[in-house]
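These notes are about the structure you will find just below.
We name chains A, B, ... by the order of the sequence lines, and we start the count at 1 in each one. Computed from a predicted structure; not experimentally measured.
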Amino acid sequence: MPELPEVESIVRCLSSNIKPPQILKVIVLRADILVNTSQEHLCKHLPGQVMQKIYRRGKYIVMKFSNGGHLVTHLRMSGLYRFLNGNETVPYLRLWFELEGDKKLGYADKRALGRIWLYLPGEPLSVLTKLGPEPLAADFTLERFQQSVHWRHSPIKPLLLNQTFVAGIGNIYASEILYQAGISPSHYASDLTSEEVYKIYRAIRSILEQAIACRGTHISDFADPEGNEGEFVNRLKVYQKAGDICPRCGGIIQRTVQQQRSTYWCPGCQH
DNA sequence: AATTGTACCTGTCAGC
DNA sequence: TGCTGACAGGTACAAT
């Protein structure tokens, strides 16, 4: 489900809703999504805590509690958070938090690839340390991007998926970014001219900002915790559009595979 | 050290 | 209808 714009939408939704209710109870139905914690551990440390701040780093959701501890979630392919009222439920529910006011925050995950970490007060959030720069942050400058690209011996598309290179881009937006930039996904990073790097840099920011404004891309069962679906699906130009006519040059959109993952692009206008 | 392939888990869909 | 294989928004780790 989630790349940077989807995770950002989820975080904004959670932040606007959680007017810090207290966690009363934690119920775990499937413990193998827990990495450095357990049901007992969560039940010991979370009840009584208030979700003071919720933010995003790359594709990770970070919840900061009133005691200084943190719960970190990575949704991987199919994880989602959902507010549930009373006895309401959702398919593939893996755990939930019982909140003040007869509300629940459920975590559901069809494929169960998502992961959750609990960091106690004072513990460093070690799972976040290897992440590359935030592509929408002020310190992600063109100069910094140029320097990190020019020595990479990898085709540009799989490089955009590398979270140590830049955090938050996934398979949908990698294709859309390179389409907007007019760059072939198999173009080697080290061979890009500075003009081409600039086009990719601009496209990263422009596509991610547009997608956030649309609250992400609604594919499969993605929705934010209130059930709002992302509208960027209507603006996709190439992703899952193999065989369609390219809106820019009239060519035919292709699907190819790079490192076991689908890439969508137009050979007519991406070089 | 960096890049690429494999494993993880479970569901859906197309083709036979 | 049932089976099989391909594919799915991701990453950790092993192999190269």
Quote, to the nearest angstrom, the [atom1] distance that separates [N] from [M].
| N | M | atom1 | answer |
| --- | --- | --- | --- |
| B:dA7 | C:dG5 | P | 16 Å |
| B:dT3 | C:dG9 | C1' | 23 Å |
| C:dA6 | B:dT6 | P | 14 Å |

Do any side-chain nitrogens or oxygens of [X] fall under 4.0 Å of OP1 or OP2 in [N]?
| X | N | value |
| --- | --- | --- |
| A:R76 | C:dA8 | no |
| A:K59 | C:dG9 | no |
| A:S154 | B:dA2 | no |
| A:S262 | C:dA8 | yes |
| A:Q163 | C:dG10 | no |
| A:H74 | C:dT11 | yes |
| A:R152 | B:dT3 | yes |
| A:Y264 | C:dA8 | yes |

[X] [atom1] to [N] [atom2]: how many Å, rounded?
| X | N | atom1 | atom2 | result |
| --- | --- | --- | --- | --- |
| A:I156 | B:dT3 | CD1 | P | 11 Å |
| A:N171 | C:dC7 | CG | P | 13 Å |
| A:R94 | B:dC9 | CZ | C1' | 9 Å |
| A:Y173 | C:dG9 | OH | C1' | 9 Å |
| A:H153 | B:dT4 | NE2 | P | 11 Å |
| A:K110 | C:dG9 | NZ | P | 13 Å |
| A:Q259 | B:dT3 | CD | C1' | 7 Å |
| A:I33 | C:dA12 | CD1 | C1' | 17 Å |

Checklist entry - Is it the case that A:R248 places NZ or CZ above or below the six-membered ring of A:Y179, under 6.0 angstrom from the centre and within 45 degrees of the axis? => result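 Checked: cation-pi criterion met.
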
Given [options], the nucleotide with the shortest approach to the side chain of [X]:
| X | options | answer |
| --- | --- | --- |
| A:I219 | B:dT6, C:dG9, C:dA8 | C:dG9 |
| A:A112 | C:dG9, B:dT4, B:dC9 | B:dC9 |
| A:P155 | B:dT4, B:dT6, B:dT10 | B:dT4 |
| A:E6 | B:dT4, C:dG9, C:dG10 | C:dG9 |

Considering all heavy atoms of both residues, which atom of [X] and which atom of [Y] are nearest to each other, and what is their separation?
| X | Y | answer |
| --- | --- | --- |
| A:I23 | A:L99 | CG1-CD2, 4.0 Å |
| A:A137 | A:R205 | O-NH2, 2.5 Å |
| A:P133 | A:R57 | C-NH1, 4.2 Å |

Checklist entry - In the strands shown, is C:dA8 matched to any nucleotide by a Watson-Crick or G-U wobble pair with both distances under 3.5 Å, and which? => result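 Pair assignment: C:dA8 / B:dT10.
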
Checklist entry - Now, which nucleotide makes the Watson-Crick or G-U wobble pair with C:dA15, with each of the two distances under 3.5 Å? => result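 Pairing partner, where one exists within any strand: B:dT3.
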
Checklist entry - Does the A:S66 side chain pair with the main chain of A:V50, one donor and one acceptor, at a distance under 3.5 Å? => result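 Confirmed, A:S66 side chain pairs with A:V50 backbone.
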
Item to check | hbond_proxy A:R261 side chain to C:dA8 base (donor-acceptor, 3.5 Å cutoff) | outcome: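 Not at all, since no donor on one side and acceptor on the other fall under 3.5 Å apart.
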
Item to check | 5' priority, DNA chain B, between A:N162 and A:Q260 [closest heavy atom] | outcome: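 Final value for this comparison: A:N162.
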
Checklist entry - For A:S190 and A:R152, does a side-chain donor sit closer than 3.5 Å to a side-chain acceptor? => result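 No donor-acceptor contact under 3.5 Å links the two side chains.
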
Next on the checklist: By the 4.0 Å heavy-atom rule, please label A:Y60 as base, sugar-phosphate, or nothing.
Outcome noted: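 Contact class for A:Y60: sugar-phosphate only.
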
Checklist entry - At under 4.0 Å between heavy atoms, what does A:Y92 touch on the DNA or RNA strands: base, sugar-phosphate, or nothing? => result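 Sugar-phosphate contact only - A:Y92 comes under 4.0 Å of backbone atoms but never of a base.
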
Checklist entry - Can the ring centres of A:F65 and A:Y119 be said to be less than 6.0 Å apart? => result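 Judged by ring-centre distance (under 6.0 Å), A:F65 and A:Y119 do not meet the cut-off.
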
